[in-house]
Amino acid sequence: MAESNQKAIQNAQTSEELTGMKVGAPSTVAAGLPAVVSSMKHLIGEVGALRSAQVMFKLNQVGGTDCPGCAWPDPDDERSGLGEYCENGAKAIAEEATTKTINADFFRRHSIDELATWSDYKIGKAGRLLQPMVLRPGSRHYEPIAWQDAFNLAAKHFNDLHSPNEAIFYTSGRTSNEAAFLYQLMVREFGTNNLPDCSNMCHESSGVALSKTVGIGKGSVKLEDFYEADLILVIGQNPGTNHPRMLSAMQKAKRNGAKIISINPLPESGLIRFKHPQHIGEFFGQGTPLSDLFLQVKINGDVALMKAIMKRLLEIETSKGGVFDHDFIQKKTEGYEAFLSDLEKQDVQRLSEECGISLEEIEKAVAMIESSPKMICCWAMGLTQHKNGVANIQEVVNLLLLRGSIGKPGAGTCPVRGHSNVQGDRTMGIWEKPKPAFLDALDKEFGIKTPRHHGYDTVEAIKAMYEGKARVFFGMGGNFLSATPDTNYTAEALSNCSLTVHVSTKLNRSHLVTGETALIFPCLGRTELDTQAQGDQFVTVENSMGVVHQSLGNLAPLSQKLKSEPAIVTGLAQALFPNSVIPWASFSQNYDRVRDRIEKVIPGFDRYNERVRQPGGFYLPNGARDGNFTTPDGKAHFTVNEVPHHTLAANEYLMMTVRSHDQFNTTIYGLDDRYRGVSSERRVIFMNRDDIHERGWHGGDIVDIVSHFEGEERRANRFLLVPFSIPRQCLASYFPETNVLVPINSFADKSQTPTSKLIRVTLEKQD
Ligand SMILES: Nc1nc2c(c(=O)[nH]1)N[C@H]1C(S)=C(S)[C@@H](COP(=O)(O)OP(=O)(O)OC[C@H]3O[C@@H](n4cnc5c(=O)[nH]c(N)nc54)[C@H](O)[C@@H]3O)O[C@H]1N2
Ligand SMILES: Nc1nc2c(c(=O)[nH]1)N[C@H]1C(S)=C(S)[C@@H](COP(=O)(O)OP(=O)(O)OC[C@H]3O[C@@H](n4cnc5c(=O)[nH]c(N)nc54)[C@H](O)[C@@H]3O)O[C@H]1N2
Ligand SMILES: [Mo]
C-alpha cells in the first residue's frame with residue numbers, strides 16, 4: 001500500500017482512548033430545566049453572554065436566523081419571544097458562533113498527523129477557521145494562501161483532469177438555496193452531474209419510496225396537520241435529541257386529543273414524556289406523557305410489524321367493514337389487488353415473531369389505528385438506513401393509503417429531515433440524477449449545454465476515487481470522511497486524489513485525510529452578517545415541510561477574510577471559466593439576482609424575491625398534500641414488499657449506529673448522552689441485559705466489535721458495554737466512531753443509502 005494511503009488510514013481513525021464512562025438511569029422525561037441549563041452552559045462557554053443574547057433573540061424569528069440545527073419548521077403563529085429554539089439548537093449555535101478561532105499559527109504548530117491524534121471533540125472545539133489554507137504536496141502543515149491564488153490553484157486542478165467526470169462535488173445540507181443553485185450551475189457548466197450529497201446517506205430511501213408511490217419525494221404534511229391529527233406514528237426517529245421542537249408540536253397535538261404510537265428498538269426519552277423548555281410553569285411536575293403506546297421493535301422488524309398490523313386490519317375489514325377507505329382506494333390508487341393478495345398470505349403469528357412485538361401489543365396498535373381517521377406517520381433514519389430502506393417506507397405508505405390518510409388535513413407522510421436545508425438543496429438541483437426538464441430549463445436560462453448522463457452518488461463517488469476514476473474532491477460543507485461508511489476505505493479513496501477542497505466553518509477530520517494538495521475555504525456561518533457589494537444579504541432555505549423562508553445573520557463576522565458560500569462559488573467559477581456566458585461576478589453582489597434566476601428555472605418559485613420577503617415565507621407546491629398524486633398515471637401506488645429475515649448465530653448481533661444527545665452528526669458537542677443516562681464517554685455499546693448475562697459479561701466490560709459482510713471483516717476496538725433496554729441480539733453504538741464497520745458495499749436497494757442501522761457484528765471481550 002502506498003505510504004500516503006497508510007497515513008490516510010491512520011489519520012482517519014478516531015482515538016480509541018476511553019474517557020471515563022459514568023452510567024446512570026436513563027431519563028424518563030425530555031427537556032425541562034436540565035435542557036435549559038445545558039443550553040446555557042454551551043452558549044456562555046463558547047459564545048459569551050452578549051453575543052449569545054444577540055443571536056438567540058433572533059433565532060427562528062420571522063426575519064431572523066434559521067437555526068443551523070435540524071429542519072423542523074417554525075410555527076406560523078406562536079413563536080416564543082425568547083427565540084424559537086431548543087437545547088440542541090442552542091448547542092448548534094454555540095458551535096458556530098463560538099469566539100474561539102484557528103489562525104495560521106495554529107497550523108504551524110500542529111501538523112495534520114498530530115491533529116489526527118486528537119478526538120473529534122477536541123478537533124471541533126479548536127474553533128472557527130479564519131482564512132484560506134493550503135496543504136502543498138509533501139507538506140504536513142497547512143499554510144495560508146490568498147483567496148485568488150486558492151481559486152486559481154483549484155481551477156488548475158479541475159482543468160488538468162482528462163474529463164469533468166473525474167471531479168466529485170459533494171454537498172452537506174446546510175448550504176443555502178442561493179449557494180446551492182450557484183454551485184450546481186458551476187458544476188454543470190464544468191460538465192458533470194457528479195453531485196453526491198448527504199441526502200444519499202440520509203433520506204434518499206424516503207425520496208425514492210415517496211416519488212414512486214405518491215409522486216413527490218418530500219413529506220405531505222404541514223405543521224398544522226399535527227394539531228388536527230387523531231393519531232401520530234413516530235417510527236425509527238429520536239425527536240427528543242434530533243428534532244426537539246417536534247416535541248412541542250406533539251405536545252400540542254396531544255392537548256388537541258391526538259394519540260401517539262412510537263416504534264423503536266429503544267425507549268427514547270423524548271418519546272415518553274416532555275416538559276416544554278420555554279414554558280417555565282412546566283419545570284415542576286411530571287411533564288406531558290407523549291407516547292400512548294411504545295412498540296419496542298427489533299432492528300429492521302418494521303416491515304413485519306406493518307404487515308402484521310395491516311393483516312389484522314384486513315381481518316377486521318373482512319368481518320365487519322368500515323376500516324379501509326374504499327372510496328379513496330378506488331379513485332386515487334393503483335396496485336390494491338396485488339397488495340391485498342400478498343397481505344392475505346401473511347401469517348400474523350409469524351410476523352409477530354419476526355418483529356418481536358406480541359400479538360397483544362399489535363392488537364393495541366390496530367385498535368388505535370382503526371379508531372383514527374386522520375393519521376400522520378413520521379420517520380427518520382431508523383427506517384431509511386437499511387438494506388430495505390425503500391421498502392420500509394413503502395410499507396408505511398401502504399398503511400396510510402389503506403386508511404385514505406394522505407392528501408387530507410390532519411393526515412399524511414412526514415419524513416423528518418436532518419440538516420436545516422437538505423431539502424432545499426435538492427430542490428435547487430443538487431442531485432446526481434437530475435431530471436431532463438430541469439437541465440433543459442438551465443440550458444435555456446443560461447445558454448449552456450448541461451451534461452445529461454447521471455453522476456455518482458456518495459457510495460459511487462467513494463468507489464470512483466478509490467479506483468482512480470475520480471481525482472479531485474470538492475466538499476461544500478460537511479465532513480465526508482467521517483460521515484461516509486467504511487472509514488478506512490474512504491480514507492484511501494480521498495488520499496488517491498490530486499486535490500481535496502473543503503468549504504468549511506470549522507476544522508474536521510476530512511481536512512486531515514487529504515489528496516496530494518488540499519485546500520480549506522473558510523466560510524461565513526448562518527449566524528453572521530453577510531455584506532456584499534450591494535449591501536447586507538439574506539439567504540433562503542426550505543424546511544422539512546416545504547416552506548421557503550429567509551435566514552439573516554446578525555453577528556459581526558469573525559474575520560474579514562471569511563467569504564460567504566455564494567461568494568466562494570462565484571469566485572471559483574470565475575477562475576474556472578474566464579470567458580463564461582454566465583455573469584458570475586454579478587451574482588455574489590446581490591442575491592436577489594440569484595433568486596430571479598431560480599424563479600426562471602425551478603417551478604414553484606414565482607415572485608420569489610417578493611414572496612420570500614413576506615413574514616414566514618411561502619409553501620412550495622406539493623401534489624400529495626392536496627391529494628393530487630403526481631406519479632406518471634396520476635395515482636398513488638400500493639406496493640408489495642418482502643419481509644426481511646435475519647438468521648443470527650448465538651454470538652451474532654444486528655447493530656445500529658445512532659446519535660448521542662451531544663452531537664450534530666460528526667460534530668461532537670460533548671461526551672454525554674443525558675437521556676440515555678451515559679456521561680463522559682462515546683465509546684459505548686448498548687446491549688440487552690440478558691444477552692450480556694448469557695455471555696457471562698458485565699456492564700463496563702470492554703469489547704471489540706467485528707462486522708461481517710460477504711466474507712470480509714472490519715474491526716472497531718475498545719467499547720464499553722452498557723446494559724440497556726433493547727431487544728435481544730440488537731445493539732446500538734454511536735456514529736461516527738463505528739462507521740469503520742459499515743461496509744462500502746452494504747447499501748439500500750434502489751436508494752444506495754449505506755446501511756448504518758443494520759450492521760451484522762460479533763463481539764470479542766478484551767481481557
Ligand atoms: N441534535 C442533533 N440534531 C440532529 C442531528 C444530530 O446529529 N444532532 N442530525 C440531523 C440529521 S442529518 C438527521 S438525518 C436527523 C436524524 O434523526 P434520527 O433519525 O432521529 O437520528 P438517529 O440517532 O440516527 O436515530 C434513529 C432512531 O431510529 C431508531 N432505529 C434504528 N434502527 C431502527 C429500526 O430498524 N426500526 C425502528 N423502528 N427504529 C430504528 C434508533 O433507535 C433511533 O431512535 O437528525 C437531525 N438533527
Ligand atoms: N454510521 C452512520 N453514518 C451516518 C449516519 C448515521 O446515522 N450513522 N447519518 C448520515 C446522515 S443522516 C447524514 S446527513 C450525514 C452527514 O454528513 P455531513 O453533512 O457530511 O456531516 P456533518 O457532520 O453534518 O458536517 C459537519 C461539518 O460541516 C461544516 N459546516 C458546518 N456548518 C457549515 C456551513 O454553514 N457551511 C459550510 N460550508 N460548512 C459548514 C463544518 O466544518 C463541520 O465540521 O452522515 C451520515 N452518516
Ligand atoms: Mo441526515
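Start at 1 and go down the list; that is how both ligands and their atoms are numbered. No hydrogens, no waters, no symmetry mates; every other heavy atom, side chains included, goes into these values. Note that this is a predicted model, so its numbers are computed, not measured.
From the protein, the heavy atom lying nearest to atom 1 (N) of ligand 2 is Asn739 OD1, 2.8 Å. Of all protein heavy atoms, the one lying nearest to atom 39 (N) of ligand 2 is Gly477 CA, 3.4 Å. The nearest protein atom to atom 20 (O) of ligand 1, hydrogens excluded, is given as Asn238 N, 2.8 Å; this is a heavy-atom distance. Summary of contacts: the protein heavy atom closest to atom 38 (N) of ligand 2 is Glu565 OE2, 2.7 Å. Of the protein's heavy atoms, Lys757 CE, 3.6 Å lies nearest to atom 26 (C) of ligand 1. Counting only heavy atoms of the protein, atom 4 (C) of ligand 2 lies nearest to Phe735 CE1, 3.3 Å. Nearest protein heavy-atom neighbour of atom 42 (O) of ligand 2: Lys506 O, 2.8 Å. Counting protein heavy atoms only, atom 30 (N) of ligand 2 is closest to Thr505 OG1, 3.2 Å.
Between atom 45 (O) of ligand 2 and the options Ala483, Ser172, Gly173, the minimum heavy-atom separation is to Ala483. Of the listed residues (Asn242, Asn665, Asp302), the one carrying the non-hydrogen atom nearest atom 21 (O) of ligand 1 is Asn242. Selection from Glu87, Glu268, Gln663 by nearest heavy atom to atom 8 (N) of ligand 1 gives Gln663. Of the listed residues (Leu266, Asn264, Ile263, Thr667), the one carrying the non-hydrogen atom nearest atom 41 (C) of ligand 1 is Asn264. Nearest residue to atom 14 (S) of ligand 2 from Cys198, Gly418, Gly382 is Cys198 (criterion: closest heavy atom).
Where the criterion is an N or O separation shorter than 3.5 Å, residue side chain and backbone included, Thr484 fails it with respect to ligand 2. Distances between N or O atoms of Asn508 and those of ligand 2 include at least one value under 3.5 Å. Backbone and side-chain nitrogen or oxygen atoms of Val742 are examined, and none is located within less than 3.5 angstrom of a nitrogen or oxygen of ligand 2. Looking at His511 next to ligand 2, no N or O pair under 3.5 Å apart turns up. Residue-to-ligand polar distances keep Tyr669 apart from ligand 1: every N/O pair is separated by 3.5 Å or more. Residue Cys202 places no N or O, backbone or side chain, under 3.5 Å from any N or O of ligand 2. Residue Gly478 has at least one N or O atom closer than 3.5 Å to an N or O atom of ligand 2. Remark: ligand 1 and Lys298 share no N or O pair separated by less than 3.5 Å (distance only, no angle test). The distance criterion of under 3.5 Å between nitrogen or oxygen atoms is not met by Arg417 with respect to ligand 1.
Of the heavy atoms in Arg659, both backbone and side-chain atoms come closer than 4.0 Å to ligand 1. Contact annotation: for His386 versus ligand 1, heavy atoms closer than 4.0 Å belong to the side chain alone. In Leu383, neither the side chain nor the backbone holds a heavy atom less than 4.0 Å from any atom of ligand 1. Looking at His419 against ligand 2, only its side chain comes within 4.0 Å, counting heavy atoms. The part of His243 lying near ligand 1 is the side chain, judged by heavy-atom distances below 4.0 Å. When heavy-atom distances to ligand 1 are checked against a 4.0 Å cut-off, Asn88 comes that close only through its side chain, counted from C-beta outward. Heavy atoms from both the backbone and the side chain of Met381 come within less than 4.0 Å of ligand 1.
Counting the atoms of ligand 1 from 1 in the order shown, those under 4.0 Å from a heavy atom of Asn300 are 34 (C), 35 (O). Close approach of ligand 1 to Val658 is summarised as follows: ligand atoms under 4.0 Å from at least one heavy atom of the residue are 23 (O), 41 (C). Those atoms of ligand 1 that come under 4.0 Å of a heavy atom in Val297, given as number and element, are 38 (N). Shown in contact with Cys70 at under 4.0 Å from a heavy atom are these atoms of ligand 1, numbered in order with element: 47 (N). Heavy-atom proximity to Val503, at under 4.0 Å, picks out these atoms of ligand 2: 37 (C), 38 (N), 39 (N). Heavy-atom proximity to Met656, at under 4.0 Å, picks out these atoms of ligand 1: 30 (N), 31 (C), 32 (N), 41 (C), 42 (O). Proximity to Thr241 (heavy-atom distance under 4.0 Å) selects the following atoms of ligand 1: 1 (N), 2 (C), 3 (N).
Side-chain contact annotation: Ser660 with Arg682, donor-acceptor N/O pair under 3.5 Å present. Judged by distance alone, the side chains of Asp530 and Tyr591 do bring a donor and an acceptor atom under 3.5 Å apart.
A centroid separation of 6.0 Å or more is found between the aromatic rings of Tyr142 and Phe106.
Proximity of a side-chain donor or acceptor of Thr505 to a complementary backbone N or O of Gly525 within less than 3.5 Å is not detected. A distance-only check finds a donor-acceptor pair linking the side chain of Thr458 to the backbone of Asp197 [under 3.5 Å]. Distance alone, capped at 3.5 Å, places no donor-acceptor pair between the Arg659 side chain and the Phe664 backbone. The main-chain N or O of Gln13 is found under 3.5 Å from a side-chain atom of Arg509 such that the two form a donor-acceptor pair. No donor-acceptor distance shorter than 3.5 angstrom exists from the side chain of Thr500 to the backbone of Phe473, with no hydrogens or angles considered. Between the side chain of Ser510 and the backbone N or O of Leu481, at least one donor-acceptor pair lies under 3.5 Å.
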Legend entry - Evaluation steps, side chain to side chain donor-acceptor pair (under 3.5 Å), between Ser733 and Thr738: CA-CA 7 Å; Ser733 63; Thr738 44; 3.0 Å; yes
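Put simply, the side chain of Asn177 reaches to within 4.5 Å of the side chain of Asn421, judged on heavy atoms.
Within the 4.0 Å heavy-atom cutoff, Arg174 counts among the residues contacting ligand 2.
Lys387 pairs in a side-chain hydrogen bond (donor to acceptor under 3.5 Å, both in side chains) with only one of the listed residues (Asn392, Asn300, Asp749), which is Asp749.
A cation-pi arrangement is absent between Arg714 and Tyr489, since the terminal nitrogen or guanidinium carbon is not both under 6.0 Å from the aromatic centre and inside a 45° cone about the axis.
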